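One structure is given below, encoded as structure tokens.
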Amino acid sequence: MTDPQFNRIALIGIGLIGSSIARDVKALGLANEVVISSRSTETLKRAEELELGTHYVSSAAEAVKDADLVIVSVPVGSSGAVAEQIAPNLKPGAILTDVGSTKASVIAQMAPFVPAGVHFIPGHPLAGTEKSGPDAGFAGLFRDRWCIFTPLPETDAQALDRLKAFWIALGSRVDDMDPQHHDKVLAIVSHLPHIIAYNIVGTADDLETVTESEVIKYSASGFRDFTRLAASDPTMWRDICLHNKDAILEMLARFSEDLAYLQRAIRWGEGDKLFELFTRTRDVRRSIIQAGQDVDAPDFGRHALDQKK
Ligand SMILES: NC(=O)C1=CN([C@@H]2O[C@H](COP(=O)(O)OP(=O)(O)OC[C@H]3O[C@@H](n4cnc5c(N)ncnc54)[C@H](O)[C@@H]3O)[C@@H](O)[C@H]2O)C=CC1
Ligand SMILES: O=C(O)C(=O)Cc1ccc(O)cc1
């Protein structure tokens with residue numbers, strides 16, 4: 001247990017990310033009170049059954065009253081609506097943050113509603129799974145993962161440090177980025193892989209009618225990896241595609257060009273080109289592992305949460 005960092009934390013949205021934060025806050029004793037709010041009464045009831053917080057309210061506006069830290073964990077397309085609901089009840093001096101996968105759009109949606117005196121600091125933990133809802137969350141999700149902040153020019157340095165200290169307590173590594181840069185980086189490392197997965201699984205599903213059940217029957221681990229990503233929440237990924245449109249389209253254009261190069265090399269039997277690319281990409285994987293970023297390694301990450309066991 002660490003000392004509480006905040007008296008009252010409000011969690012707006014209690015799905016995979018919100019509930020993982022709640023579990024860590026509880027396990028580490030980071031707040032005296034955790035108020036949970038969800039739009040769906042069923043989800044709120046489940047959060048209470050799981051004892052994720054100390055107070056449960058259906059209204060987001062009600063939840064943020066007297067909160068020192070407010071964390072919005074809803075699909076990015078709903079950020080503006082949530083900001084509008086909670087704005088009148090935000091406490092002066094409170095920190096308001098989010099966990100959305102896109103940043104420029106979230107800032108554009110939320111910032112206009114944030115009252116003066118409230119510290120709005122957009123954030124994005126680079127951690128998650130294909131699952132969603134309060135049962136899918138788990139303590140330690142953020143351990144040894146990056147949490148990126150995209151502060152606004154007027155962001156108070158002390159408030160930023162306080163929010164970073166919170167995520168560091170959850171085990172994250174923290175960094176700052178310009179929102180547009182964040183959206184470009186994430187378009188290639190996260191959004192494009194998901195879009196490619198949705199596409200390949202869609203194509204295989206279309207072929208299924210031709211090949212009967214062979215796609216499923218003989219699916220090797222490569223295809224199975226794609227099906228995991230393609231099982232990610234449709235609302236969340238629809239919103240990401242719509243709210244990071246420009247960066248995703250830019251990366252998709254680059255991707256299509258490079259795919260055409262590969263296609264041509266295969267057509268013309270240019271084995272040297274294929275070999276050169278596949279060697280280069282293998283080196284990328286090797287350097288990730290050498291840099292100690294291999295989260296699949298058995299002993300990746302030690303953290304205060306482990307000491308509880
Ligand atoms: N799933 C992942 O791996 C990651 C997700 N994120 C971001 O975190 C945010 C939340 O994602 P998850 O927790 O995975 O989603 P989730 O689907 O598990 O939970 C979403 C929560 O938002 C609530 N909600 C949905 N629409 C709402 C609305 N209009 N108003 C109020 N509440 C609403 C739902 O009731 C639910 O409690 C998203 O913005 C996503 O882009 C960030 C990092 C990883
Ligand atoms: O499940 C996976 O592999 C992910 O990549 C999870 C994820 C989804 C969205 C994010 O913004 C960050 C992480």
Side-chain angles (χ1 to χ4, degrees), residues 10-23 36-48 50 52-53 56-64 70-86 97-107 109-110 122-138 141-142 145-150 167 170 172 177 182-183 185-198 224-244 247-248 293 295-296:
L11 299 175
I12 313 301
I14 194 74
L16 171 76
I17 300 298
S19 76
S20 295
I21 296 171
R23 286 172 169 96
I36 291 175
S37 151
S38 171
R39 205 178 45 154
S40 131
T41 44
E42 206 183 308
T43 307
L44 195 62
K45 189 167 153 265
R46 188 64 192 138
E48 191 164 3
L50 292 167
L52 295 175
Y56 305 87
V57 293
S58 55
S59 145
E62 199 61 37
V64 303
V70 176
I71 308 180
V72 176
S73 310
V74 304
V76 290
S78 299
S79 316
V82 168
E84 187 173 14
Q85 287 163 36
I86 64 177
T97 188
D98 80 304
V99 296
S101 303
T102 70
K103 293 276 58 91
S105 153
V106 165
I107 293 170
Q109 291 177 72
M110 293 183 72
H124 179 200
L126 305 188
T129 72
E130 73 283 10
K131 304 204 172 78
S132 54
D135 284 287
F138 55 94
L141 171 63
F142 309 106
R145 302 298 185 130
W146 286 103
C147 186
I148 300 178
F149 300 95
T150 58
W167 281 96
L170 268 47
S172 295
M177 248 186 220
H182 166 279
D183 288 356
V185 172
L186 268 291
I188 188 66
V189 303
S190 176
H191 306 168
L192 216 61
H194 279 83
I195 290 166
I196 292 166
Y198 281 122
R224 277 174 189 269
D225 288 350
F226 282 117
T227 62
R228 185 187 75 77
L229 286 184
S232 302
D233 187 66
T235 304
M236 170 180 154
W237 283 96
R238 176 205 60 198
D239 280 11
I240 290 172
C241 289
L242 299 178
H243 288 268
N244 197 19
I248 290 174
Q293 303 264 18
V295 292
D296 299 325

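Since the model is a prediction, treat every value here as computed from it, not as a measurement. Because only heavy atoms are used, hydrogens play no part in the values below, and waters and symmetry mates are left out as well, while side chains stay in. When a ligand or atom number is given, it counts from 1 through the structure's own listing order.
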task = With rounding to the nearest 0.5 Å, note down the distance linking CZ in Phe149 to CH2 in Trp167.
result = 7.0 Å

task = Check each heavy atom of Asp239 against ligand 1 and say whether those closer than 4.0 Å belong to the side chain, the backbone, both or neither.
result = neither

ask   = So is there a nitrogen or oxygen of Trp237 less than 3.5 Å from a nitrogen or oxygen in ligand 2?
value = no

ask   = How long is the gap from CG on Asp233 to CG on Asp239, to the nearest 0.5 Å?
value = 9.0 Å

key: Shortest protein contact, atom 19 (O) of ligand 1 (heavy atom only)   = Gly15 CA, 3.2 Å

remark   = When distances are taken from atom 5 (O) of ligand 2, the protein heavy atom at minimum range is His194 CE1, 3.5 Å

ask   = N/O to N/O below 3.5 Å, does that happen between Val82 and ligand 1?
value = no

request  = Please write down residue, atom name and distance for the protein heavy atom closest to atom 9 (C) of ligand 2.
outcome  = Met236 CE, 3.6 Å

query = Can you tell which of Pro134, Ser73, Gly128, Ser132 gets a heavy atom nearest to atom 3 (O) of ligand 1?
reply = Gly128

message = Checking contacts here: is it the side chain or the backbone of Ala81 that comes within 4.0 Å of ligand 1, counting heavy atoms only? Could be both or neither.
response = neither

key: Thr129: numbered ligand 2 atoms lying under 4.0 Å from its heavy atoms   = 1 (O), 6 (C)

key: Atoms in ligand 1 flagged as close to Val76, the criterion being non-hydrogen separation under 4.0 Å   = 39 (O)

ask   = Quick check: does any side chain N or O of Asn244 sit under 3.5 Å from a backbone N or O of Asp183, one acting as donor and the other as acceptor?
value = yes

message = Check the orientation of His182 and His124. Use parallel for under 30°, tilted for 30 to 60°, and perpendicular for over 60°.
response = perpendicular

key: Sidechain-backbone polar pair: Tyr198 side chain, Ser232 backbone, donor-acceptor under 3.5 Å   = yes

request  = Report the C-alpha distance between Met236 and Ser101 in whole Å, list the side-chain angles of each, state the deciding distance to 0.1 Å, and finish with yes or no for side chain to side chain contact (heavy atoms under 4.5 Å, CB included).
outcome  = CA-CA 9 Å; Met236 170 180 154; Ser101 303; 4.1 Å; yes

query = Checking Ser59 side chain against Glu62 main chain: does a donor-acceptor pair fall under 3.5 Å?
reply = yes

Residue, atom name and distance, where the atom is the protein heavy atom closest to atom 33 (C) of ligand 1 = Val74 CG1, 3.7 Å

remark   = One should read off an interatomic distance between His194 NE2 and Leu229 CG, to the nearest 0.5 angstrom, of 4.5 Å

task = Considering heavy atoms of the protein only, find what lies nearest to atom 12 (C) of ligand 2 and give residue, atom and distance to 0.1 Å.
result = His124 NE2, 3.8 Å

ask   = Does the pair Ile71 and Ile12 meet the rule for a side chain to side chain contact (heavy atoms under 4.5 Å, CB included), with working shown?
value = CA-CA 6 Å; Ile71 308 180; Ile12 313 301; over 6 Å; no

ask   = So which protein heavy atom does atom 44 (C) of ligand 1 come closest to, and at what separation?
value = Ala127 O, 3.0 Å

ask   = Nearest to atom 42 (C) of ligand 1 by heavy atom, Leu16, Val72, Val99: which?
value = Val99

ask   = N/O to N/O below 3.5 Å, does that happen between Ile14 and ligand 1?
value = yes

inquiry  = Salt bridge check, Asp98 against Lys103: does any charged N sit closer than 4.0 Å to a carboxylate O?
reply    = yes

inquiry  = Heavy atom to atom 35 (O) of ligand 1, shortest distance: which of Pro234, Ser38, Gly133, Ser79 holds it?
reply    = Ser38

task = Calculate, to the nearest 0.5 Å, the distance between atoms CG and OG1 belonging to Leu52 and Thr43 respectively.
result = 11.0 Å

ask   = Is the side chain of Ser78 donor-acceptor paired with the backbone N or O of Val74 at a distance under 3.5 Å, no angle test?
value = no

note = Ranked by distance from atom 1 (O) of ligand 2, the top protein heavy atom is Arg228 NH1, 3.1 Å

ask   = Nearest heavy-atom pair of Leu44 and Ser38: which atoms, and what distance?
value = CD1-N, 3.7 Å

key: Ligand-side contact atoms (ligand 1) for residue partner Gly100, heavy atom cut-off under 4.0 Å   = 39 (O)

task = Pull out every atom of ligand 2 sitting under 4.0 Å from any heavy atom of Ser101, numbered as shown with elements.
result = 9 (C), 10 (C), 11 (O)

query = Does a side-chain heavy-atom distance below 4.5 Å link Thr129 with Phe138?
reply = yes

query = Polar-atom distance check: Thr43 versus ligand 1, any N or O pair below 3.5 Å?
reply = no

key: Stepwise side chain to side chain contact (heavy atoms under 4.5 Å, CB included) check, Thr97 with Val70   = CA-CA 6 Å; Thr97 188; Val70 176; over 6 Å; no

Interatomic distance, Leu141 atom CG to Ser20 atom OG [nearest 0.5 angstrom] = 4.5 Å

ask   = Applying a strict 4.0 Å limit to heavy atoms, is Trp146 in contact with ligand 2?
value = no

ask   = Counting heavy atoms only, which part of Glu130 comes closer than 4.0 Å to ligand 1: side chain, backbone, both or neither?
value = neither

inquiry  = Tell me the nearest of Ser232, Ala197, Pro193, Gly128 to atom 7 (C) of ligand 2, using heavy-atom distances.
reply    = Gly128

query = Of Ile21, Ile36, Leu50, which is the lone residue that meets side chain to side chain contact (heavy atoms under 4.5 Å, CB included) with Ile14?
reply = Ile36

ask   = Would you say Leu229 touches ligand 2, if touching means a heavy atom closer than 4.0 Å?
value = yes

ask   = About how many Å separate CD of Glu130 and CG of Leu16, when rounded to the nearest 0.5 Å?
value = 9.0 Å

key: Closest protein heavy atom to atom 30 (N) of ligand 1, given as residue, atom name and distance to 0.1 Å   = Arg39 CD, 3.5 Å

Selected option - heavy-atom contact closest to atom 24 (N) of ligand 1, from Pro75, Ser101, Ser78, Gly80 = Pro75

query = What protein heavy atom sits nearest atom 5 (C) of ligand 1, and how far away is it?
reply = Met236 CE, 3.4 Å

request  = Among all protein heavy atoms, pick out the one at the shortest distance from atom 13 (O) of ligand 1; state its residue, atom name and that distance to 0.1 Å.
outcome  = Ile17 N, 2.9 Å

inquiry  = Considering non-hydrogen atoms of the protein only, which is the closest contact for atom 43 (C) of ligand 1, and what is the distance?
reply    = Pro125 O, 3.3 Å

ask   = Which ligand 2 atoms does Glu130 reach within 4.0 Å, using its non-hydrogen atoms?
value = 1 (O)

inquiry  = Protein heavy atoms near atom 27 (C) of ligand 1, is at least one of them under 4.0 angstrom away?
reply    = yes

